[in-house]
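Notes to accompany the following structure.
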Amino acid sequence: MRVVMFGFQTWGHRTLQALLASEHEVVLVVTHPRGEGAYEKIWSDSVEDLARENGVEVVIRERPEDQELLDKLKAVDPDVIVACNWRTWIPPQVFTLPKHGTLNVHDSLLPKYAGFSPLIWALINDEKEVGVTAHMMDDTLDAGDIVLQRSVPVGPRDTTAVLFEKTLELFGPITVDGLAEIASGRTDFVKQDRSQASFFHKRAEEDLRIDFTWTAEELDRLVRAQCAPYPSAFCFHRGQRLEIIEADVSEAVYGGTPGRIFYREGDGVAVVAGAEARRGRSKALLVKKVRTADGTELEAHEYFKTMGGYLTSRP
């Protein structure tokens with residue numbers, strides 16, 4: 001099939017690689033302009049460069065809504081559009097233009113975790129698996145009929161960085177396999193159960209703030225979800241910002257007031273956590289490594305010279 005691809009960054013780059021190696025003909029690539037955002041520098045594999053290296057025409061757009069682009073799409077006459085990590089709205093006159101429509105590739109097991117940062121939210125919420133969905137685009141974001149889904153298990157100590165690498169390997173194969181389903185003439189794809197749908201917003205500074213009324217298990221997952229290269233989860237100690245960059249759940253149960261710096265356990269320091277901590281029913285967040293406001297990284301035993309005092313959500 002003749003394919004136009006809308007894609008950006010490493011996810012789009014990996015998908016375009018698979019398309020170029022497939023039996024399909026990539027006739028045009030539409031990608032975003034290069035940006036200076038932190039995440040764009042981290043996952044910076046260039047869709048534009050890969051397309052040009054392979055002789056594919058490239059159009060740069062932030063938003064694909066202008067008549068010039070629409071005319072270009074009509075001129076190349078694609079059988080299908082593939083969208084992967086495209087970050088702005090694609091209007092109906094674009095996604096319905098090819099005779100087979102538009103296949104969108106999203107990094108969650110839809111209908112759950114539509115929207116933004118699905119791996120981070122899924123890890124925080126203790127999902128046992130994550131994955132990628134190839135679905136037909138319609139008027140509602142990430143809500144179209146499912147062509148294929150692939151999943152990977154979430155390990156007990158996985159971080160978002162680990163899950164990123166696991167799911168990244170799925171993007172190319174699911175795209176090519178999804179196109180094979182479309183090319184076969186199938187149209188009876190799986191309707192999403194909208195009663196199970198959830199849509200998540202972009203993560204921001206407030207989403208990194210540690211609340212010690214969360215259980216130790218929840219806080220451990222938050223720390224692992226906000227691993228490098230993502231910004232770290234943070235709290236305050238003696239009025240100064242303190243990032244928790246490595247933690248676990250304590251072996252022992254520690255009762256008292258959430259946030260209390262309580263006891264050295266193994267290679268960490270137990271901090272009381274959980275709304276039920278006062279009843280003596282909760283394990284503690286075992287803090288193992290921190291980063292101070294000046295950027296210094298320290299083992300918990302180096303930073304916490306004495307026990308006592310509190311970690312707080314705000315100064």
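Source: prediction; values computed, not measured.
In terms of hydrophobic clustering, with Ile, Leu, Val, Met, Phe, Trp and Tyr side chains grouped at heavy-atom distances under 4.5 Å, V94 and V30 are assigned to a common cluster.
Residues satisfying the side-chain contact (heavy atoms from CB on, under 4.5 Å) criterion with T292, sequence neighbours excluded, are L242, D294, T296, L298, Y303. With sequence neighbours excluded, no residue forms a ring pair (Phe, Tyr, Trp, His ring centres under 6.0 Å) with W214. Every residue two or more places apart in sequence or in another chain that forms a side chain to side chain donor-acceptor pair (under 3.5 Å) with K128 is listed here: D126.
How far OG of S108 is from CG of D142: 6.5 Å, rounded to the nearest 0.5 Å.
More than 12 heavy atoms of other residues, nucleotides or ligands sit less than 6.0 Å from atom CZ of R186.
T167 and V132 get closest at one heavy-atom pair: O-CG2, 3.8 Å.
Inter-residue side-chain proximity for M136 and H100 is flagged as unmet; no heavy-atom pair is nearer than 4.5 Å. Between M5 and W86, the closest side-chain pair of non-hydrogen atoms is not below 4.5 Å.
Proximity of the aromatic rings of H237 and F304 is defined here by a centroid distance below 6.0 angstrom, and this criterion is met. In this structure, W11 has its ring center at least 6.0 angstrom away from the ring center of H106.
Judged by a 6.0 Å distance limit and a 45° cone about the ring axis, R260 is positioned over the six-membered ring of Y310.
Side-chain contact check for R87 and Q9: no donor-acceptor pair (N or O, by modelled atom type) lies under 3.5 Å. T133 and Q149 share a donor-acceptor pair across their side chains, judged by distance under 3.5 Å alone.
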Evaluation steps, salt bridge (Lys or Arg N to Asp or Glu O under 4.0 Å), between R150 and E169: CA-CA 10 Å; R150 303 274 166 78; E169 296 300 317; over 6 Å; no
